[in-house]
**Student:** 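Let me give you the structure first, and then I'll get to my questions.
Index from 1, following the sequence. For the numbers below, each heavy atom of this structure counts, side chains included, while hydrogens, waters and symmetry mates do not.
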Amino acid sequence: MRFILVLCAALLAQAAVAADNAQIEETTVRVSAAPLDASDFLIGYSRIDADTLERTRWAHPNELFVRVPGLWISRGSGQEHLTALRSGVLTGAGACGSVLLLEDGIPIRPAGFCNVNNLFETALELSDAVEVLRGPTVATFRGNPLYGAINTVNSTTGGTPWMEAEVGSEAHRTFKARGSALVADHALQVLGKITASDGVRDAVSHREQKLKIVDRVRLGNWRTMTSFTLTNLDQQTGGYVLGGNAYKSSALKTTNPNPEAYREAWSARLASHWQRLYGQASELTIAPYARASEMEFLQHFLPGQPTESNGQTSLGAIVQFSRVAEDLEWSVEGQVEWADIWLEEVQANPTTGSRFLVETRPAGRHYDYDVSSRLASLSARVTASATERLDLHAGLRARYLGYDYENNWLTGNTRDDGSTCGFGGCLYTRPASRDDDFTDIGGMLGLRYRLSEGAEVWLSAGSGFRAPQATELYRLQRGQLLTSLTSEKRDSVELGLAWHRSLASLATSAYAARSENLIFRDAEGRNVSQGKTKSVGVEVEATVGSNRFGTLELNASWARHRYDFDQVVGGGEVIASGNDVDTAPRFIGSSHWRKSWSAKFSSDLELVFLGEYWMNAQNTHQYGGHRLLNLRLGWQVRDNTHIHARITNLLDRDYAHRADFAFGNQRYFPGLPRQVHVGIRIDVD
């Protein structure tokens, strides 16, 4: 697999040169898989266009998504990350189920089986645009995310083939290329990326390869887009550094307490979108897809450091029919999906530490199971024009998700030789084989009023849901042989304003939300769904510019996320109603000043700000936040040659990518020192 990835990406340079230079029609296919109009959504919506993607040239998604209000991609080691989207940083098995990741409108993983680091399975760097929807999107977009969705889009085909190379701090090197050609009636595009980087910290590095192939063709009355995406990641991972403000310590911040940690993962996805128009008013879209992925990583953050291996293969199809009349737009959509999932967890060495840890976390096989899942979903959406300026919106989605779980190892709370553990039993419990299913319904109501040309306000109320992940149901801990988990729910009310002029724009929204049946681990280590949170927030995207002074952008949010229940959880930590959710900064955002100093030279000065936040649910340990300054420069040397440079953490500040408190310690992922990268892009005419 790795050899194929490297070979395909390396051949892209030849593909770019050899590509047919015939003019390929630039097309934008308006399918539900690639929504392109912000007015489709009565929730917070941001779109990062191709120009911004090219100008940013990020090394980690954290550097890109600072441009979206209300979203924080908390950077881990290498390409690892955690996501906060109108929430605190989401951790645990349910985190990835709460934020939906899609490629051309199709989820990149099957429902019920995802990973909190799944952005490294996307091809953000090779996409034409990235969309972020903030809030429960159950009735406005496929899937069932509680907090929102991130969708990578391939909206166009064609353009000039190019090659790009970049080198930088810590032996960073990247090669990217795009080739495009007309082959018979097919508009074909091939893109690839190879990245290698050694980390600032000891024994930390990553190697990553990505390949994307997009084919568009007309077949009779059908317009089709077929895409294939392949990703591979091989990294040596760094663990937390421990101790108060350890991220500031010159003796600690470049160390790695877990040089043995690693993560290896690959994914492959094939999807095809078939679109047909019936007259000028009706449209049918059929999108079959297939996916596969595997991952292995050392759980270095747990006592005993077990190794987890998992994988999935899945098939599905989405069918949508929509019709546009003079005063009424409506659509219906159905989705079916089947998946085979497996997971193993094995601990190679005995646990070290206290007698309690040694006895309750034995070496050997902890979990070994297969899950077959089946999904069926049906939704409908209507937009009606009540007056010339007022539109009414309504939507409803119903979804069934079933699991057929098979335990392949000893049932119960034992070591893998069948013996019992002391101190009340082993940590790991394997439930007996069984079936589970979840049926959920969500919806939305809203209205949009056009104040004038380029100005509108909107009000919406929506509900979202997510069924428990397979790991929450079947990866149990002591004292638990059966779960009684229910689907998490989130209700939200939102008020928004959008205003656009030729030199300025403003989009702002205020929301209040409440989540119920939050799944967490209690003091006995059991998965329970009794949690509640409540949130309020305000988000702003503003742009003002002129040819003389350049363009100034602001993307910012203020929010407060609080627990709405009382509970003693693992380690004796107390959650009290009214406490701030841990790792939930109230202020998140960035500002950018872009300026073209001449026809050939431009700059982008970026200020990133992250507010203080509590490191634990008990609100006793706090991280003070940080401010970072970044600079990006561009120089058009020739018509076909562009040189760029970027300097991140320009002032070389000490900061933490993530601050946490667990197992009695303050823990940090240290932020990177000043980094300098330079690169060159050559268009192949």
**Student:** Does a side chain donor of either Gln275 or Arg223 reach within less than 3.5 Å of an acceptor in the other side chain?
**Tutor:**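 Their side chains do contain a donor-acceptor pair, which is all the 3.5 Å distance test asks for.
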**Student:** Has Gln79 got a side-chain atom pairing as donor or acceptor with Ala59's backbone, closer than 3.5 angstrom?
**Tutor:**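 Checked: pair present.
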**Student:** Counting only heavy atoms from other residues, nucleotides and ligands, does the tally under 6.0 Å from CH2 of Trp635 exceed 12?
**Tutor:**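 No, not enclosed.
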**Student:** State, with a plain yes or no, whether a side-chain heavy atom of Glu63 is found less than 4.5 Å away from one of Ile73.
**Tutor:** no
**Student:** Looking at Asp604 and Arg67, is any side-chain nitrogen of the basic one under 4.0 Å from a carboxylate oxygen of the acidic one?
**Tutor:**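 A salt bridge is present here (some side-chain N lies under 4.0 Å from a carboxylate O).
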**Student:** Taking side chain as C-beta onward, heavy atoms only, is Leu53 less than 4.5 Å from Leu124?
**Tutor:**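 No. Closest side-chain heavy atoms not under 4.5 Å.
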**Student:** Is a donor from one side chain sitting under 3.5 angstrom from an acceptor on the other, for Ser591 and Trp593?
**Tutor:**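 No, no side-chain donor-acceptor pair sits under 3.5 Å.
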**Student:** Return yes if a side-chain donor-acceptor contact under 3.5 Å exists between Ser603 and Lys595, otherwise no.
**Tutor:** no
**Student:** Is there a donor-acceptor contact under 3.5 Å from the side chain of Thr56 to the main chain of Thr52?
**Tutor:** yes
**Student:** Between Arg47 and Asp49 (salt bridge meaning N to carboxylate O under 4.0 Å), is one present in this structure?
**Tutor:**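 Between Asp49 and Arg47 there is no salt bridge, as every charged N stays at least 4.0 Å from the carboxylate O atoms.
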**Student:** Quick check: do Ile43 and Tyr511 have side-chain heavy atoms less than 4.5 Å from each other?
**Tutor:** no
**Student:** Would you name the heavy atoms of Leu90 and Ser98 that are closest together and state the gap between them?
**Tutor:** CD1-CB, 4.0 Å
**Student:** Answer yes if the side chains of Arg134 and Ser46 hold a donor-acceptor pair under 3.5 Å, and no otherwise.
**Tutor:**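 Yes, side-chain donor-acceptor contact under 3.5 Å.
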**Student:** Check the pair Phe321, Trp330 against ring-ring contact (aromatic ring centres under 6.0 Å, His included), reporting the backbone distance first and the verdict last.
**Tutor:** CA-CA 9 Å; Phe321 184 81; Trp330 59 268; 5.8 Å; yes
**Student:** Taking Thr195 as the fixed residue, which of Gln209, Arg173, His206 is the one that meets the side-chain contact (heavy atoms from CB on, under 4.5 Å) rule?
**Tutor:** His206
**Student:** State plainly whether the residues Asp391 and Arg448 are in salt-bridge range, i.e. N to O under 4.0 Å.
**Tutor:** yes
**Student:** Say whether Glu103 and Ser227, considering side chains only, have a donor N or O and an acceptor N or O under 3.5 Å apart.
**Tutor:** no
**Student:** Treating Ser127 as the side-chain partner and Ala129 as the backbone partner, does any N or O pair qualify as donor plus acceptor under 3.5 Å?
**Tutor:** no
**Student:** Would you say that Met225 contacts Val214 through its side chain, given a criterion of any heavy-atom pair below 4.5 Å between the two side chains?
**Tutor:** yes
**Student:** Within the 4.5 Å heavy-atom criterion, are Leu506 and Glu541 side-chain neighbours or not?
**Tutor:** no
**Student:** So does Arg501 have more than 12 non-hydrogen atoms from other groups sitting under 6.0 Å from CZ?
**Tutor:** yes
**Student:** Just checking, is any N or O donor in the side chain of Ser596 or Ser602 under 3.5 Å from an acceptor N or O on the other one?
**Tutor:** no
**Student:** For Thr122, does its backbone N or O pair with a side-chain atom of Lys210 as donor and acceptor, under 3.5 Å?
**Tutor:**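 Looks like yes, one N/O pair under 3.5 Å.
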**Student:** So, Lys193 and Glu125, do they make that salt bridge, N to O below 4.0 Å?
**Tutor:** yes
**Student:** With a cut-off of 6.0 Å (strictly less than), are more than 12 heavy atoms of other residues, nucleotides or ligands near CG of Asn547?
**Tutor:**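 No, because the 6.0 Å sphere around CG of Asn547 holds 12 heavy atoms or fewer from other groups.
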**Student:** Do you know which of Asn555, Val99, Thr83 makes side-chain contact (heavy atoms from CB on, under 4.5 Å) with Leu71?
**Tutor:** Thr83
**Student:** When you check the side-chain N and O atoms of Glu337 and Tyr289, is any donor under 3.5 Å from an acceptor?
**Tutor:** yes
**Student:** Where the side chain of Asn649 meets the backbone of Gln675, is there a donor-acceptor pair that is under 3.5 Å apart?
**Tutor:**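 Pair absent, no side-chain N/O of Asn649 close to backbone of Gln675.
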**Student:** Distance alone, cut at 3.5 Å: any donor-acceptor contact between the side chains of Ser267 and Ser293?
**Tutor:** no
**Student:** Looking at Arg57 and Glu166, does any basic side-chain N land under 4.0 Å from a carboxylate oxygen?
**Tutor:** no
**Student:** Indicate yes or no: at least one non-hydrogen side-chain atom of Phe120 is less than 4.5 angstrom from one of Met295.
**Tutor:**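 Yes, at least one pair of side-chain atoms sits under 4.5 Å.
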**Student:** Does the side chain of Ser282 pick up a donor-acceptor pair with the side chain of Arg323 at under 3.5 Å?
**Tutor:** yes
**Student:** Are the side chain of Glu170 and the backbone of His172 linked by a donor-acceptor contact shorter than 3.5 Å?
**Tutor:** no
**Student:** Do any N or O atoms from the side chain of His186 and from the backbone of Leu188 form a donor-acceptor pair under 3.5 angstrom?
**Tutor:** no
**Student:** Does the pair Asp185/Arg218 count as a salt bridge with the N-to-O cut at 4.0 Å?
**Tutor:**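 Salt bridge flag = no for Arg218 with Asp185.
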**Student:** Heavy atoms, side chains only, cut-off 4.5 Å: are Val324 and Gln280 in contact?
**Tutor:** no
**Student:** Is it true that Glu283 and Arg276 make a salt bridge, defined as a side-chain N closer than 4.0 Å to a carboxylate O?
**Tutor:**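 No, Glu283 and Arg276 are not salt-bridged.
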**Student:** Answer yes or no: is there an ion pair linking Arg109 with Glu121, defined by an N-O contact shorter than 4.0 Å?
**Tutor:**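 Here Arg109 pairs with Glu121 in a salt bridge, since their nearest N and O are under 4.0 Å apart.
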**Student:** Do Ser492 and Glu494 meet the criterion of a side-chain donor-acceptor pair at a distance under 3.5 Å?
**Tutor:**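 No, Glu494 and Ser492 have no side-chain donor paired with an acceptor closer than 3.5 Å.
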**Student:** Side chains of Val167 and Val678: does their closest heavy-atom pair fall under 4.5 Å?
**Tutor:** yes
